[in-house]
Engineer: 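Mind having a look at this structure? Questions to follow.
Numbered from 1 within each chain, the chains take letters A, B, ... in sequence-line order. Since the structure is predicted, the reported quantities are computational estimates derived from the model, not experimental observations.
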Amino acid sequence: MTEKTTPEQTSNKYNLPKAYAFEEVEQRWYEYWMENKTFTAGMAEGKDSFSIVIPPPNVTGVLHIGHALNNTLQDLLTRYHRMKGDNTLWVPGTDHAGIATQNVVERQLATEDKTRHDLGREKFIERVWEWKTDKGGTIINQLKRMGASCDWDRERFTMDEGLSKAVREVFVRLYDDGLIYKGDYIVNWCPRCLTALSDDEVEHDPTKGKLYHLRYPYADGSGEVIVATTRPETMLGDTAVAVHPEDERYKGLEKIGIKIPLSDRVIPVVLDHHVQREFGTGALKVTPAHDRDDYEIGLRHDLERIKIMDDHGIMNEQAEKYAGMDRFACRKQIVKDLEEQGFLDKIEEYDHAVGKCYRCATVVEPTTSKQWFVSVRPLADKAVAAVRDGRINIYPNTWYNTFYAWMDNIRDWCISRQIWWGHRIPAWTCKECGKLMVVREAPTACIVCGNTELDQETDVLDTWFSSALWPFSTLGWPEQTKELETFYPTSVLITSFDILFFWVARMMMMGLHFLDEVPFRDVYLHALVRDKHGKKMSKSTGNVIDPLVTIGQYGTDAFRFTLTAFAAQGREIKMDEERIDGYRRFINKLWNAARFAQMHIKDSDPSIVAAAEKPAELVLPHRWILSRTNATILDVRKALDGYDFNLIASSIYQFTWHEFCDWYVEWIKVDLFSDDETKREQARGVLLCVLENILKMLHPICPFVTEEIWSQLPGERGTIMLEAFPEANPAWPNTEADQSMQLLMDVISATRTIRSEADVHPSVKVHASIICADAAKRDLLHDFNDSLCSMTRSESLSIMDAGTVPDDAGHILTESGVEVFVPLKDLIDVEAELDKLARERKKIEQELKRVQGKLGNAKFLSNAPDAVVEKEKGKQAELENRLAKNEESRERLGKL
RNA sequence: AGGCGCGUAGCUCAGUGGGAGAGCGCUACCUUGACAUGGUAGAAGUCGGCGGUUCGAAACCGCCCGUGCCUACCA
C-alpha cells in the first residue's frame, strides 16, 4: 500500500508549481531582458531588417485598451522577426501633444490660482518641462508591463533636441520650396483653447438646434427676403445675401440692396452657384468672417470680411450695441430683439452637426486669422502615387478607397497653433523693415537692413507636424546615420484607423518628399476596441476595461493572447472579459502540459529531440504529431506574414490544446511509463521537440510563460527570445500518418460515444469489437490494440468478421467505414438504439439523395472538375455502404 | 446625403464557390498518476430576407431589412 503524496511533494517532483503564477514570473523576466539588453537592435551586415516605429502615445497618456492592442501587435511582430534573425528595431517614444499637455499644466496652475500668463511664456514652458520630467511618460512603464520589447535606449520624444532640429529643417525647406505660406484664412477657432484647429481636430456632434428664419428687408422698403440661419448672432457680420443665379424666385434681386435688421448697414445680393435652392428659402446670408463657405463666397465676390467677435467668443465693437456679450448670450438677445421688431419669421427645431473642439468640446467658431499653411496637394500626390503603385500596402484592403477619397479632397493644412507648448515656428520679422526670415537658427540681425531688433513668430506648430517626421527623425535625420540606412523605410506601421489622415498620410507625404522613399512598406490599421455589446468604451458609460487591472487579474500573457485572437482584419473588436479568462486557462493548460513533460524529461539530455529528425523510425503517433506540428508552423508563419493575427492565435490554441494535449500526450503516456527504453526515449524526444516548437511559436504572443517554461526544460538554455522561430521541416509532413491516426481516433471516439450514451461507468472495462473489411486498416488496428484499449478503457478490443458480434451491442459506423461494437448486455436501450439508427438513416438518405442528384446531372459531370466528381462518387459508395450497415444493425436489434 | 463594413449555434466570433465550425455558456457522467483553471460525451443553426449567376451559393451579383462606422459646403 503506497502512501498518498501531498500536493507539496507533488510540486517538488515536477519542479513546477501546479498552477501558473504570472505576477512573479512577469516581473522577473522583464528585468532579465532589460539587464541583458535583449531588445537592443542589431545592425549586422547581410541580414534582413525589420523595423517599427511606435505610434508615439501622448506624454500625458495613460495606457488604455487601444494602446494595449496596438502595442501587443507591434511586439508580436517585433519578437517574431527578432527570432527569425532579422536586424530588428522597435523604436519607442512619446509625443509632446501640444494642447493636451498645455491643458494639463494649466489645470495644475489653476489649483494655485494662476494662469500661464502670470508666469509668462518662458517660465511656463519651463514648468511644462518640469511636469514632463516629473509626471510625464507613465505610459512608458505601462508598456513595459505589457512586455513590450522596444529598444529602450532609443526612446525619443517629439521635442527632443534631435527631433526639433528635424522639425526646423523640414519647415525651412518646405518654406524655401514654396510649400509653406502664411495667409489670412478662415480657420476653426477654439475660444477656450485660444487656438486654431485643423479640420481633423474638429469633431462634428449631432446637436439639437434651431433654424431661425429672418426677414431681411429691401433697402428701398419695397419688399423682403427671408434667410435661414442657425447662428443669428452672425447677422451683424453679414456682408451679402446670396441666391442661386438660376433661381427664378429671385430674378433681378441682385439689383436691390438689403438692409440688415437691427442695423443700418446695407448689403448687396450676390449670385452664387454654391447656394442650394431647395434649402430653406433658397436665400443665404453671407458672413465671410465667420463661416467657411461664406468665406469662399466672399472671395468670389470680393466681399468685405467683418469680424464680430474676439478670440474668446465675446462680441466686439463691430457688433454695435451687442459688444461685450458672449456669443451665445448675444444669440438669445438678438432673437428676442428680432422678434420684438418683427424681423423673425419663424423658428424651426433643427438637428445638425455642430463642430466641437476635440480636446475640450467647446463649440468651434469659424473665424479668420493669420495662419501658416502647408500646400499639401503636391505632397499628397506623391503619397497617393506610392499607394497606387504598391510601394505602400494597406491592411485591411478595405481602406484603400477611403484613403484615395480623402486624399482627393484634401485641403491645405493649417499648421500654426496659438499656444505656447510646442515647436515654435522658426520665423523672425525685422522690426525695422518688416523682412520675414525663415531660418534654421535664430538670426542675430536682419539680412536686409542689418537691424538687430527682431520679433520671433509666437505661434507653435501643430503637434502632428513633428509626428509626421517620426519615422525618420527618430533614426537621426537630417544626419545620414547608419540607423537610417539600416532601418528606413520601416517595415510596417501599426495603428488605429482613426488617425489614418491625422498622421499616417502625413508621414507618407513627408517621408516621400524629404527622403524620396516611403516611410513604411505596410500599414496595418486595427479596429477600435469596444465593449462586448459593441459600444465605445467611455468613462461616462462605465464600460471601460483598464488594461492594468486586467493584467493584474489574468496576467499579461492571457491579455495579450486575447487581444491577438480578437484582431481579425476588417472587424470591430468586441471585448468580452470571459474570453480573457478562457485564454488564461489555455496558458494554464500549457503550463501543466509542460509540467507533465518535465516529469519525464527533466533528467534527459536536450539532444533527445534528435529523435524527431528521423520520423521514419518512429511509431505512428510521433509521426502524426510531427506532421501536425509542421502544418501548424506553416499556418502560423503564413498568418504572421499576412497580419492575420486572429489566425495565429487560433492555430496555436487548437494545435496545443486539442492535438498535442488531448491526443498526443494522452497517447504516449503508455510509452513514457513503458519498460521499453526505445519507446521511452522516442516519446521523450518527440515530446520535448514538439513542446519546444509550441513555446517558440507562442513566444511572440505570450513572452512570459514561454520564457519561464523554456528555462525549466533540460539543458543549459538562454532566453527563448533569441531562439530561431520554427521552420517547416520537409521530413515531417505525412499524409499516411494523418489518415491512420484519424482512423484510430475515430474508433476511440466511437467507443467512448457508445459507452457514454449507454451510461457505462468509466471504471467498467468493456469488451469492444471492430468490424473492418480493409486489410491495411485491420493491421493498423491490430498494431495499436494496446493503445486503443487503454484509451477506451476496454478489457479487449477484437477485430471480428461481419455477423459475429452479439446482438445486444451498441454500434457506430465511423466516417472511415469501420464499425465499432460495444456489448452492453442489459445496459442496452433497444428503443434508444433504434431511434438513433433511424435518425442516422434519415441523414444518410438525405445526403445520398443530394449526391445521387449531382451524379445524375449531366451538366455536373461535364462542368465540375474531375476531382470533385470523383469525390462525389466516393461519397456515394460510402453512403450506400453506410446505409447497408444501418439496415444490418436494425435487423440485429430487432432480434432482441 | 454619400461612402465603407457587418448580419453564421444562447453569447463572442472564424470560415468564403464543392460534405455547416471554434471558444464560452448549457446538459449528462467522471477526481483515470500534467491540469476539476481538467476529462469524456451530448443538445443546439431556414449561415438576416427575397431574387439572380452557376452543374453546385453561407460564400459571387442585385434589391430589401437590421446594425455600426467614416466623410460632407444641409446656411
Engineer: With a 4.0 Å limit, can you tell me whether A/Thr753 has a side-chain N or O closer than that to the phosphate oxygens OP1/OP2 of B/G42?
Structural biologist: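 True: A/Thr753 side-chain N/O within range (under 4.0 Å) of B/G42 OP1/OP2.
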Engineer: Side-chain N or O of A/Asn588 versus OP1/OP2 of B/U37: is the shortest distance under 4.0 Å?
Structural biologist: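 Checking A/Asn588 against B/U37: no side-chain N or O falls below 4.0 Å of OP1 or OP2.
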Engineer: For B/G33, which nucleotide in any strand shown is its Watson-Crick or wobble partner with both distances under 3.5 Å?
Structural biologist: none
Engineer: Cation-pi check, A/Lys669 to A/Phe596: give yes when NZ or CZ is under 6.0 Å from the six-membered ring centre and within 45° of the ring axis, no otherwise.
Structural biologist: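 Positive - A/Lys669 is close enough to the ring of A/Phe596 and near enough to its axis.
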Engineer: Suppose you measure atom C1' in B/C73 against the same atom in B/C11; what distance do you get, rounded to whole Å?
Structural biologist: 44 Å
Engineer: Mind checking if A/Arg584 touches a base, just sugar-phosphate, or nothing, with heavy atoms under 4.0 Å?
Structural biologist: base
Engineer: Look through every strand shown and name the nucleotide pairing with B/G5 as Watson-Crick or G-U wobble, where both distances are under 3.5 Å.
Structural biologist: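 Paired with B/G5, as far as the under-3.5 Å criterion goes, is B/U67.
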Engineer: For a quick check of understanding: with a heavy-atom distance under 4.0 Å over all strands, which category does A/Glu847 fall into, base, sugar-phosphate or nothing?
Structural biologist: base
Engineer: Side chain of A/Leu879 only, heavy atoms from C-beta on: which candidate in B/C24, B/G19, B/C73 is closest?
Structural biologist: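 So the nucleotide nearest the side chain must be B/G19.
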Engineer: Any donor-acceptor pair under 3.5 Å linking the side chain of A/Tyr185 with the backbone of A/Thr368?
Structural biologist: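 Side chain of A/Tyr185 to backbone of A/Thr368: no pair is present.
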Engineer: When the C1' atoms of B/A22 and B/G18 are compared, how many Å lie between them, rounded to an integer?
Structural biologist: 22 Å
Engineer: Select base, sugar-phosphate, or nothing to describe what A/Val275 touches, counting heavy atoms under 4.0 Å on all strands.
Structural biologist: base
Engineer: Taking all non-hydrogen atoms of both residues, which atom of A/Ala527 and which atom of A/Leu69 are closest, and how far apart?
Structural biologist: O-CD2, 3.7 Å
Engineer: Counting only side-chain nitrogens and oxygens, does A/Lys669 get under 4.0 Å of the OP1 or OP2 atom of B/U32?
Structural biologist: no
Engineer: Under a 3.5 Å cut-off for both distances, is B/C55 Watson-Crick or wobble paired, and to whom?
Structural biologist: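 Pairing partner: B/G18.
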Engineer: Which one of A/Leu590, A/Thr632, A/Val690 satisfies the side-chain contact (heavy atoms from CB on, under 4.5 Å) criterion with A/Phe660?
Structural biologist: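 Only one option passes, and that is A/Val690.
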Engineer: Would you mind classifying the nucleic acid contact of A/Asn857 as base, sugar-phosphate or nothing, using non-hydrogen atoms under 4.0 angstrom?
Structural biologist: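 Touches sugar-phosphate only.
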Engineer: Tell me whether A/Arg292 is salt-bridged to A/Glu296, with the criterion being a basic N under 4.0 Å from an acidic carboxylate O.
Structural biologist: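 Here A/Arg292 does not pair with A/Glu296 in a salt bridge, since their nearest N and O are not under 4.0 Å apart.
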Engineer: Of the nucleotides B/A75, B/G18, B/G23, which one has an atom closest to the side chain of A/Tyr653?
Structural biologist: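 Of the options given, the side chain of A/Tyr653 lies nearest B/G23.
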Engineer: When rounded to the nearest Å, what value does the distance between P atoms of B/G51 and B/G5 take?
Structural biologist: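 The answer is 26 Å between these two P atoms.
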Engineer: When you check the gap from the basic side-chain N to the acidic O, do A/Arg331 and A/Glu233 get nearer than 4.0 Å?
Structural biologist: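 Answer for the salt bridge query: yes.
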Engineer: Taking the six-membered ring for Trp, is the centroid-to-centroid distance between A/Phe343 and A/Tyr216 below 6.0 Å?
Structural biologist: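 No.
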Engineer: Is the shortest side-chain N/O distance from A/Thr402 to OP1 or OP2 of B/U71 below 4.0 Å?
Structural biologist: no
Engineer: Heavy atoms under 4.0 Å, any strand shown: does A/Ser763 hit a base, just sugar-phosphate, or nothing?
Structural biologist: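 Answer is nothing: A/Ser763 stays at 4.0 Å or more from every strand.
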Engineer: Side-chain donor or acceptor of A/Lys589 under 3.5 Å from a matching atom on the base of B/C35?
Structural biologist: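 Indeed there is one.
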Engineer: Roughly how far apart, to the nearest Å, are B/A72 and B/C63 at atom P?
Structural biologist: 26 Å
Engineer: Would you say A/Trp657 reaches B/G39's phosphate, i.e. side-chain N/O to OP1/OP2 under 4.0 Å?
Structural biologist: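 So the side-chain polar atoms of A/Trp657 do come within 4.0 Å of the phosphate oxygens OP1 or OP2 of B/G39, strictly under.
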Engineer: Going by atom types alone, do A/His301 and A/Asp272 pair a side-chain donor with an acceptor below 3.5 Å?
Structural biologist: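 Their side chains do contain a donor-acceptor pair, which is all the 3.5 Å distance test asks for.
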Engineer: Give A/His658 one of three labels, base, sugar-phosphate or nothing, depending on what nucleic acid heavy atoms sit under 4.0 Å from its own.
Structural biologist: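 Since only primed, P, OP1 and OP2 atoms lie under 4.0 Å of A/His658, the category is sugar-phosphate.
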Engineer: What are the atom names and distances for every N/O pair under 3.5 Å that joins the protein to nucleotides 14-16 of chain B?
Structural biologist:
| unit_1 | atom_1 | unit_2 | atom_2 | d |
| --- | --- | --- | --- | --- |
| B/A14 | OP1 | A/Arg571 | NE | 2.2 |
| B/A14 | OP2 | A/Arg571 | NE | 2.0 |
| B/A14 | OP2 | A/Arg571 | NH1 | 3.2 |
| B/A14 | OP2 | A/Arg571 | NH2 | 2.4 |

Engineer: Checking all strands, does A/Asp662 fall into the base, sugar-phosphate, or nothing category for heavy-atom contacts under 4.0 angstrom?
Structural biologist: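 Sugar-phosphate contact only.
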Engineer: Write down the partner of B/G45 under the Watson-Crick or G-U wobble criteria, each distance required to be under 3.5 Å.
Structural biologist: none
Engineer: When the P atoms of B/G15 and B/G48 are considered, how many whole Å apart are they?
Structural biologist: 15 Å
Engineer: Using a 4.0 Å heavy-atom cut-off across all strands, classify A/Tyr583 as base, sugar-phosphate, or nothing.
Structural biologist: nothing
Engineer: Of A/Ala19 and A/Lys871, whose closest RNA chain B nucleotide lies nearer the 5' terminus?
Structural biologist: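 The 5'-side residue here is A/Lys871.
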Engineer: Would you indicate what A/Gln654 reaches in the nucleic acid, counting non-hydrogen atoms under 4.0 angstrom: base, sugar-phosphate, or nothing?
Structural biologist: nothing
Engineer: Quick check: any donor-acceptor pair below 3.5 Å linking the side-chain of A/Arg755 to the base of B/U40?
Structural biologist: no
Engineer: Throw together a table of side-chain donor-acceptor distances under 3.5 angstrom for residues 848-860 of chain A, partners on residues two or more places apart or in other chains.
Structural biologist:
| unit_1 | atom_1 | unit_2 | atom_2 | d |
| --- | --- | --- | --- | --- |
| A/Arg850 | NH2 | A/Glu847 | OE2 | 3.3 |
| A/Asn857 | OD1 | A/Lys859 | N | 2.8 |
| A/Asn857 | OD1 | A/Phe860 | N | 3.3 |

Engineer: Quick check: on RNA chain B, is the nucleotide nearest A/Ser756 upstream (toward 5') of the one nearest A/Pro762, or the reverse? Name the residue that is more 5'.
Structural biologist: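 Looking at RNA chain B, the more 5' nearest nucleotide goes with A/Pro762.
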Engineer: So for A/Lys18 and B/A36, does any side-chain atom that can act as donor or acceptor lie under 3.5 Å from a complementary atom in the base?
Structural biologist: no
Engineer: Base, sugar-phosphate, or nothing for A/Arg752, non-hydrogen atoms under 4.0 angstrom?
Structural biologist: sugar-phosphate
Engineer: Kindly indicate whether a cation-pi arrangement holds for A/Arg628 with A/Phe655, taking the cut-offs as under 6.0 Å to the six-membered ring centre and within 45° of the axis.
Structural biologist: no
